[in-house]
Protein chains: 2
Amino acid sequence: MASDEGVPSGVDLVDVLRAVADPIRLRIVQTLADGRPHGKCGAHWDFGVHKSTMTHHFRILREAGMTRTIVTGRTHSIQLCRDELDARFPGLIEALTVDCRARSVGTTG
Amino acid sequence: MASDEGVPSGVDLVDVLRAVADPIRLRIVQTLADGRPHGKCGAHWDFGVHKSTMTHHFRILREAGMTRTIVTGRTHSIQLCRDELDARFPGLIEALTVDCRARSVGTTG
DNA sequence: GCGATGGTATGACGAACATCCAACGGTAGG
DNA sequence: CCTACCGTTGGATGTTCGTCATACCATCGC
């Protein structure tokens, strides 16, 4: 491993794809797509799964190089690495979020 | 199985993501991204895996609603449903192929 | 220090997955 | 019809994945 060629590696497309290839994690990424940090205990994460399961999903996202965690006291916030992701895989996050964007448009008004 | 819907409405983003979240299948999709049909026994598919393994991967892609198979005599060709995919998930295929496109650009004059 | 809250680590378990191997079915050619 | 080729099907197997339950650590508030 660790084959840093001229390309800015560290994040593999397959790893990213595998990370978002899950209903819960895809939803997390879509929610995080605004680029702002979100608390891990937020009400958005009401997937009906166990607490440790969420930790697991957050870990997958993090290990895929998609998110970073900000620790503030005893609360953890998670943030999508939009800039890096957009730089490495242009249009990917947008393509992933266009699905939920389409839901917002049309339901309102 | 309701495989004769014809309409890509049954295609789920997570299914598509799960389909491409594999090195071999991602490569297949990238190769098929030109929209043209490719033979299943083509030289492109030299992944060093068993014949039946390729059949398996082709099946995953098809069941995800990403490809269709064209049978001509004893040879099968596979084709990416670009139009339907692009209509349903705008920018997704492009984002998936921008990776290999970047390799082509710059190496060739 | 004690209890409550927020999050992680570990272990277990069933389901899904990728892979191979062997056998089968359909088509082209002699 | 028989042989050769192309691709699929079914079974077997080892691995990865998603989930839960429990235990554990850190911080906040009293």
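Below, each value reflects all heavy atoms present in this structure, side chains not excepted, and no hydrogens, waters or symmetry copies. Throughout, a chain's letter reflects where its sequence line sits, starting with A, and its residues are numbered from 1.
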ask   = CD1 of Ile24(A) versus C1' of dC17(D): gap in Å, rounded?
value = 12 Å

inquiry  = Looking at dG18(D), I'd like to know if its phosphate oxygens (OP1 or OP2) sit under 4.0 Å from a side-chain N or O belonging to Arg25(A).
reply    = yes

Which atom of Arg25(B) lies closest to which atom of Ala19(B), heavy atoms considered = NE-O, 2.5 Å

request  = Measure from the side chain of Arg18(A), starting at C-beta and using heavy atoms only, and say which of dC5(D), dA4(C), dC17(D) lies closest.
outcome  = dC17(D)

ask   = Think Thr53(B) has a side-chain N or O under 4.0 angstrom from the OP1 or OP2 of dT19(C)?
value = no

request  = Using whole Å, report how far CZ of Phe58(B) lies from C1' of dA18(C).
outcome  = 15 Å

query = Quick one: is dT9(D) close enough that its OP1 or OP2 comes under 4.0 Å of any side-chain N or O from Arg59(B)?
reply = yes

query = Among dT8(D), dT27(D), dC20(D), which is the nearest nucleotide to the side chain of Val49(A)?
reply = dC20(D)

remark   = Among the nucleotides dG7(D), dT19(C), dT27(C), whichever has the atom closest to the side chain of His76(B) is dG7(D)

task = Report yes or no: is there a donor-acceptor pair, N or O only, under 3.5 Å between the side chain of Ser52(B) and the base of dC21(C)?
result = yes

task = Using only side-chain N and O atoms of Thr55(A), determine if any of them is under 4.0 Å from OP1 or OP2 of dT8(C).
result = yes

key: Check ion pair Arg59(A)-Glu63(A) (N to O, under 4.0 angstrom)   = yes

task = For Ile60(A) and dT8(C), give me the distance from atom CD1 to atom C1', rounded to whole Å.
result = 14 Å

task = Compare side-chain N and O positions of Lys51(A) against OP1 and OP2 of dT22(D) and report whether any pair is under 4.0 Å apart.
result = no

remark   = Nearest heavy-atom approach of Arg82(A) to Glu94(A) is NH2-N, 4.1 Å

remark   = note: Met54(B), atom CE; dC20(C), atom P; distance rounded to Å ~ 11 Å

task = Would you mind reading off the distance between Arg74(A) atom CZ and dT27(D) atom C1', rounded to a whole angstrom?
result = 6 Å

Spacing of Phe47(B) atom CZ relative to dA18(C) atom P, expressed in whole Å = 14 Å

Closest non-hydrogen atom pair, Phe89(A) against Asp12(A) = CZ-C, 4.0 Å

task = Starting at atom CD of Glu63(A), determine the distance to atom P of dT16(D), rounded to an integer number of angstrom.
result = 14 Å

Partner set under ring-ring contact (aromatic ring centres under 6.0 Å, His included) for His38(B), not counting sequence neighbours = His44(B)

message = Using a 4.0 Å heavy-atom cut-off, does His50(B) contact any base of the nucleic acid, only the sugar-phosphate backbone, or nothing at all?
response = base

query = For the side chain of Arg62(B), counting heavy atoms from C-beta on, which of dG7(C), dT8(D), dA4(D) is nearest?
reply = dT8(D)

ask   = Does dA18(C) have OP1 or OP2 sitting under 4.0 Å from an N or O in the side chain of His56(B)?
value = yes

query = Counting only side-chain N and O atoms of His57(A), is one of them less than 4.0 Å from OP1 or OP2 of dT19(D)?
reply = yes

key: Interatomic distance, Trp45(B) CH2 vs dG7(D) C1' [rounded to whole Å]   = 15 Å

key: Neighbour count above 12 (heavy atom, 6.0 Å) for Arg36(A) CZ   = no

